[in-house]
**Student:** 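To start, I am sharing the structure in question, which I have written as structure tokens.
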Amino acid sequence: MGFLAWLIIGGLAGWIAGNIMRGGGFGIIANIGVGIIGAVIGGFLFSLLGLQAGGFIGSLVTATVGAVVLLWVISKVRRA
């Protein structure tokens, strides 16, 4: 997957996760960061469960799930 695809998937995944977790996105740069980190987390979690997702949609789902988990963990750490 090319660099541009990583940026697009990261931005979309971060925006979707932001809307799920707090009702809005974070801005394009933060959305991309959250989405890319979420893709790593989602890939790790999916591999633990023995799941694979391929293609653009599969990558977007994986990154979004990971980004939601990331934002959930951050929200728990900030409250503690």
Side-chain angles (χ1 to χ4, degrees):
M1 189 175 307
F3 181 72
L4 184 59
W6 273 92
L7 293 178
I8 292 170
I9 290 172
L12 286 172
W15 179 76
I16 292 168
N19 283 317
I20 291 171
M21 293 302 292
R22 65 172 207 127
F26 302 103
I28 188 69
I29 301 299
N31 282 344
I32 291 171
V34 167
I36 290 173
I37 294 168
V40 172
I41 294 170
F44 175 73
L45 292 175
F46 276 35
S47 70
L48 285 178
L49 298 172
L51 301 173
Q52 287 185 336
F56 182 83
I57 300 297
S59 297
L60 182 61
V61 169
T62 302
T64 302
V65 168
V68 167
V69 169
L70 173 65
L71 294 177
W72 179 78
V73 168
I74 289 172
S75 72
K76 295 301 178 190
V77 169
R78 281 192 176 177
R79 288 187 186 148

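The structure presented is a predicted model; accordingly, all values stated were derived computationally and were not measured. Throughout, numbering of the chain's residues begins at 1 and tracks the sequence.
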**Student:** Roughly how far, to the nearest 0.5 Å, is CG of Leu7 from CD1 of Ile36?
**Tutor:**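 Interatomic distance, Ile36 CD1 to Leu7 CG, rounded to 0.5 Å: 5.5 Å.
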**Student:** According to side chain to side chain contact (heavy atoms under 4.5 Å, CB included), who are the partners of Leu70, at least two apart in sequence or on a separate chain?
**Tutor:**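 Partners of Leu70 under the side chain to side chain contact (heavy atoms under 4.5 Å, CB included) test: Val34, Ile37, Ile41, Ile74.
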**Student:** Can you tell me how far apart OG (Ser47) and CG (Leu45) are? Round to the nearest 0.5 Å.
**Tutor:** 7.5 Å
**Student:** Please answer: with hydrophobic residues joined when any side-chain heavy atoms are less than 4.5 Å apart, are Ile29 and Val40 in the same cluster?
**Tutor:**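 No, Ile29 does not connect to Val40 through the hydrophobic network.
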**Student:** Rounded to the nearest 0.5 Å, how far does OG1 of Thr64 lie from CD1 of Ile20?
**Tutor:**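 Interatomic distance, Ile20 CD1 to Thr64 OG1, rounded to 0.5 Å: 6.5 Å.
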**Student:** Any side-chain heavy atom of Phe56 within less than 4.5 Å of one from Leu12?
**Tutor:**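 Yes; the side chains approach each other to less than 4.5 Å.
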**Student:** What heavy-atom pair brings Gly11 and Asn31 nearest, and what distance separates the two atoms?
**Tutor:** O-CB, 3.7 Å
**Student:** Please identify each residue that fulfils side chain to side chain contact (heavy atoms under 4.5 Å, CB included) with Ala53, with sequence neighbours left out.
**Tutor:**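 Per chain and number, Ala53 pairs via side chain to side chain contact (heavy atoms under 4.5 Å, CB included) with Phe46, Thr62.
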**Student:** Just verifying a value: how many Å separate Leu4 CG and Ile8 CD1, rounded to the nearest 0.5 Å?
**Tutor:** 4.0 Å
**Student:** For atom CG of Leu48, decide whether the heavy atoms of other residues, nucleotides or ligands shown that lie under 6.0 angstrom number more than 12.
**Tutor:** yes
**Student:** Can you see which heavy atom on Ala63 is nearest to which on Ala13, and at what distance?
**Tutor:** CB-CB, 3.6 Å
